[in-house]
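These notes are about the structure you will find just below.
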2 protein chains.
Amino acid sequence: MKGMYFIDKGLVKVHKKWGLDKELILRIARNGDIVGHRGLGGDLIYPVSGTALEPTDVCFVDLEFFNSTLKVNQELLFALMMFFAAELKESEKRMRNLAHMPVKGRIANALLFLKNKFGVTSDAAINLLLSRQDLASYTGTTYETLFRIMNELAEENAISMTGKSIVILSEDILLGHTKDN
Amino acid sequence: MKGMYFIDKGLVKVHKKWGLDKELILRIARNGDIVGHRGLGGDLIYPVSGTALEPTDVCFVDLEFFNSTLKVNQELLFALMMFFAAELKESEKRMRNLAHMPVKGRIANALLFLKNKFGVTSDAAINLLLSRQDLASYTGTTYETLFRIMNELAEENAISMTGKSIVILSEDILLGHTKDN
DNA sequence: CGCGCAGTTGATCTTCGTCAAAATGTGTGG
DNA sequence: CCACACATTTTGACGAAGATCAACTGCGCG
C-alpha cells in the first residue's frame, strides 16, 4: 500500500544503509514532519528506513486519500511545498559539508544544528536521543573517529561530556570549525 | 528584490563555493526548473551561485507575484511541490554517496545520471556542457583525481574519451562501481 | 568471579588531496 | 609558417585525514 506517515508525536531518524555496516542519517523528523513521502515521486522507489528514537505516534496516510485531500486543501499543499523546500535547502547544505568540510567541522555543525533544533532545555545541554553511533552516522563518519574528535572538542573546552550527555560550552569555538577558508 | 528565476531555455549549474578554490555543484537545472527558490524559506538566506552553461533565457519572478499566483493556481503549486520533492530525493541520494561511496563510484554515478538526464543524442555520447572542472565539482572531488579515475574507467572500457567528449561504452561496468556491499 | 558489551585508545593502511613538474595545446605577433 | 608565451591537461611524488583493525578498559549482570 502506498502512502506516507505523518509524525504525530515523537522523533524518527530517517536513514539509509550503505553496504553492510555503513549508514547515513538523512534527517531527523519530529512531530509535524512527514516520513515516507518519496512514494510521491512516482518513479523508482528509493527505499529508506525510519527508526523511532523514542515512543512515537505516527499516522499513515494513504496516497489516494492524500492526493485527494491536497486537491481541496490549499493550505496543506502550500505547507507541504514549503516543507520540501526547507528540507531541500538543508539537504544541500549538508551535501556541501560532506563534500568539502573536514570531519571536525561536520561534527561541530551537527552539534549546533541538533542543539538548535532539538535542544529542549534552556541550558546548553543537548539531551539527544541520538547515540554516539547515530551521531557518527549523521555526520557521515565512524564511531571511532567521532570519539577522537569529540575528545578534541572537549579539550578545546568547546563541549563537555559526562556519560551520555553532551553540553555545549562555547558555540563560538564550534562555529570556528565550520568556517571555510 | 526578492524572487526567483524560472529557466525558460538553457542550462544552469547551481553551485556553492567553499573556501577559495573549492565548490560543489548542487544541481544542474534546465528549462522548466527553478533557480533561486531559497528565498522562499524566509529564514536565513543561503547564498548559492548560478552559472549558465549555454545561452540561457531566464525569467525573474517577483516573490509577491509568485505567492499571489500560487494562491489561485492550484496546478502550479502542486507541480512545485512535486518538483521540490523530487529534488530532495535526488539530493539525499547524493548526500549518501558523498558520505560513503568512493570517488570512482560517485563519478560512475554522475556519468550515468548526466547521460540519463541530459544526454540528448541517441548514442551513448554525453555531450555535456560540463567541463572537467565542473564534473569534478559535481562529484565533490578535484580536477586531478577526476582525470585519474576517468583514465581508469577508460582502461576498463567503461567509457571512451576523445577530446572533450565522453562516450559511455558500458553502463554495466559503471553500475558495478556504484554498488554497495 | 567470569562473561559480554559499549566505550576507548593505539597502530597501521588506504584513499585521495596537494603540490609541482612535464607535456600538450592554443593563440599571437612577426 | 614559425617561434614564443601562456593556458590547459596530464603525470608523478608526497603527505594528511580518516577508515580499519585490533587490543584494552571499564562496568553491569548473571
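Per chain, numbering begins at 1; letters A, B, ... match sequence-line order. Model, not experiment: these values are computed from the prediction. FYI, side chains are in, hydrogens and waters are out, and symmetry mates aren't considered; it's all heavy atoms of this structure.
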Q) Just wondering, do A:Leu98 and A:Arg106 contact through their side chains at under 4.5 Å, heavy atoms? A) yes

(Q) Near DNA chain D, counting only heavy atoms under 4.0 Å, which residues of residues 144-152 of chain A show up? (A) A:Glu144, A:Thr145, A:Arg148

Q: Could you tell me the separation between the CD atom of B:Glu171 and the CD1 atom of B:Ile159, rounded to the nearest 0.5 Å?
A: 12.5 Å

Q: Return yes if some donor-acceptor pair links the side-chain N/O of B:Ser137 with the main-chain N/O of B:Gln133 below 3.5 Å, else return no.
A: yes

Q: Provide, to the nearest angstrom, the distance between the NE2 atom belonging to A:His177 and the P atom belonging to D:dA17.
A: 14 Å

Q: Select base, sugar-phosphate, or nothing to describe what A:Lys22 touches, counting heavy atoms under 4.0 Å on all strands.
A: sugar-phosphate

Q: Could you tell me from which nucleotide to which nucleotide of DNA chain C, 5' to 3', there is an atom under 4.0 Å from chain A heavy atoms?
A: C:dA6 to C:dA11

Q) When the distance from CD1 of A:Ile107 to P of D:dA17 is rounded to whole Å, what number comes out? A) 14 Å

Q) Could you give the CG-to-C1' distance, from A:Asp21 to D:dC21, as a whole number of Å? A) 12 Å

Q) How far does SG of B:Cys59 sit from CG of B:Asn31, to the nearest 0.5 angstrom? A) 13.0 Å

Q: Could you check how far CG of A:Asn97 sits from C1' of D:dA17, rounded to whole Å?
A: 17 Å

Q | Estimated bend of the helix from C:dT8-D:dA23 to C:dG30-D:dC1 (axis per five terminal pairs, rounded to 10 degrees) | A | 30°

Q: Please say whether the positively charged group of A:Arg94, taken as NZ for Lys or CZ for Arg, lies over the ring of A:Tyr138, i.e. under 6.0 angstrom from the six-membered ring centre and within 45 degrees of the axis.
A: yes

Contacts table for residues 5-16 of chain B: side-chain donor-acceptor under 3.5 angstrom, sequence neighbours left out:
unit_1  : atom_1 : unit_2   : atom_2 : d
B:Lys13 : NZ     : B:Asp134 : OD1    : 2.6
B:His15 : ND1    : B:Glu23  : OE1    : 2.7
B:His15 : NE2    : B:Thr51  : OG1    : 2.6
B:Lys16 : NZ     : B:Pro47  : O      : 2.8

Q | Pair listing, ring pair (Phe, Tyr, Trp, His ring centres under 6.0 Å) test, anchored in residues 143-166 of chain A, at least two apart | A | A:Tyr143-A:Phe147

Q) What pair of heavy atoms forms the shortest contact from A:Thr56 to A:Ala52, and how long is it? A) OG1-CB, 3.8 Å

**Q.** For atom CE of A:Met101 and atom C1' of D:dA16, their distance in whole Å
**A.** 19 Å

Q | Qualifying salt bridge (charged side-chain N to carboxylate O under 4.0 Å, His left out) pairs with a residue from residues 141-161 of chain B, counting only residues at least two apart or across chains | A | B:Lys104-B:Glu152, B:Lys104-B:Glu156

Q: Output, in order, the C-alpha distance, side-chain angles, deciding distance and verdict of side chain to side chain contact (heavy atoms under 4.5 Å, CB included) for B:Trp18 and B:Leu24.
A: CA-CA 8 Å; B:Trp18 170 265; B:Leu24 182 73; over 6 Å; no

Q | B:Ser160 side, atom OG; B:Leu153 side, atom CG - distance, nearest 0.5 Å | A | 11.5 Å

